[in-house]
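Encoded as structure tokens, the structure appears first; notes follow it.
Every number for a ligand or one of its atoms is a count from 1 in the order of the listing.
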Amino acid sequence: MQTYPRATPRGPERALATEAVHAGREDLADLGVHAVPLDLSTTYPSHDSRGEAARLDAFAATGAQPAGPPVYGRLDNPTTARFETALARLEGTEAAVAFASGMAALSACLLARSAAGLRHVVAVRPLYGCSDHLLTAGLLGTEVTWTDPAGIADAIRPDTGLVMVETPANPTLAELDLRAVAHSCGAVPLLADNTFATPVLQRPVEAGARIVLHSATKYLGGHGDVLGGVVACDEEFARQLRQVRFATGGVLHPLAGYLLLRGLATLPVRMRAAAVTAADLAARLAADPRVAAVHYPRIGGAMVSFEVVGDPHEVIRAVRLITPAVSLGSVDTLIQHPASISHRIVGAEDRRRGGISDRLLRMSVGLEDVEDLWHDLDAALDAAGAGAPARDGARPAGRINAGGS
Ligand SMILES: *Cc1c(COP(=O)(O)O)cnc(C)c1O
């Protein structure tokens, strides 16, 4: 019988770059194949309905991934399971549960906690625009208290099910001290969105987070051609997530699971190469009088945000090599205006409180040559014009704002 790899309860034993290439693929040589089998089945024939009944009962009772052959695609898929195994290994968690998108993954986390009667969430701004919206609008029946990191302990109530943070945060790249935040959470699980850092730069569970969320659409996939989400966590929470996923249906398509597993293999190389270019561009932008402020995280990475002195919309209009598009984490460099797109759904006042200026541009640096990228940026900054003197508390050029704020 074919074996289905599962997440193992241990952190990386081999170096991350090695795990990225081999995790979730350990049985391939035994199977006599080199590429990962892509299983597109929605259902699985079986003459053993007694056995299937037993597997379904066990899943309903525990949420443990059923052993043996899969039953139905919404419950289990061998290709997706490989991606989950690999991501859990990279994040150093017992398990990972994949979803159709980052928002489906976050929704499952919120529903799993609400189902336990814990519908209150404490969250720190900024968050990704749609995450902010989902919490603010209470679309899933949750209630949110926004606070700064110092206010987390006081904001926690008896019905608080989650504390949610992003670091570096989308789109300002503000960083917070995950260890201190985890301490403030006490017994309440800390959910850290690790989409921007990826496990290459940061493993939140090592700092005390219990739940690690990814929009796999971004760096994990890495090529702008797959939507997905994944939660890395302990097996106890993973069981609740699998039961929510089974009942609500936000499963990852197996082809997406295949592409995400393939993306993981090059994640460390892509992240390191793009980060070198991003740091270089951040330094050039910080020294440029056409730029009012630059945000680049202390832990590094491939995201740079900056506030222009002139009109940010003209930068978007003028770029030619850089792709003017929302999303991030692709092999090509993308730029967008958060106040118009990624954070448009957040109210203007809430954006301002989250430090998201109308002058802010968010750039996801890809794998192009740094001189070609600078050439394009330089021309786009010229097109932005001198503008009025920067407002919004933008700081003068010549420095990079790292972390904090
Ligand atoms: C894009 C993004 C999400 C949402 O992910 P989707 O895959 O688009 O649903 C969540 N968090 C962060 C930080 C993101 O950048």
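- Of all atoms in ligand 1, listed by their number and element, those nearer than 4.0 Å to a heavy atom of E166 are 13 (C).
- Contact check on R245 versus E84 returns a salt bridge, with a Lys/Arg side-chain nitrogen under 4.0 Å from an Asp/Glu carboxylate oxygen.
- Comparing G129, G228, S215 against atom 5 (O) of ligand 1, the shortest heavy-atom distance belongs to S215.
- For ligand 1, the atoms lying closer than 4.0 Å to a non-hydrogen atom of F196 are 15 (O).
- Remark: minimum distance from atom 11 (N) of ligand 1 to any protein heavy atom is reached at D193 OD2, 2.7 Å.
- Among residues at least two apart or in separate chains, salt bridge (Lys or Arg N to Asp or Glu O under 4.0 Å) pairs with a member in residues 121-131 are R125-D132, R125-D350.
- Looking at I341 and R344, their side chains never come closer than 4.5 Å, going by heavy atoms from C-beta outward.
- Here D378 does not pair with R284 in a salt bridge; the nearest charged N to carboxylate O distance is not below 4.0 Å.
- Looking only at heavy atoms of the protein, atom 3 (C) of ligand 1 is closest to Y128 CD2, 3.4 Å.
- The closest protein non-hydrogen atom to atom 7 (O) of ligand 1 is T217 OG1, 2.7 Å.
- The shortest N or O to N or O distance between G102 and ligand 1 is below 3.5 Å.
- Closest protein heavy atom to atom 1 (C) of ligand 1: K218 NZ, 1.4 Å.
- Nearest non-hydrogen protein atom to atom 9 (O) of ligand 1 is M103 N, 2.9 Å.
- Remark: E235 engages R242 in a salt bridge, criterion side-chain N to carboxylate O under 4.0 Å.
- For E26 and R82, the salt-bridge test fails: no basic side-chain N is under 4.0 Å from an acidic carboxylate O.
- A salt bridge does not link E91 with R203: every distance from a Lys NZ or Arg NE/NH1/NH2 to an Asp or Glu carboxylate oxygen is 4.0 Å or more.
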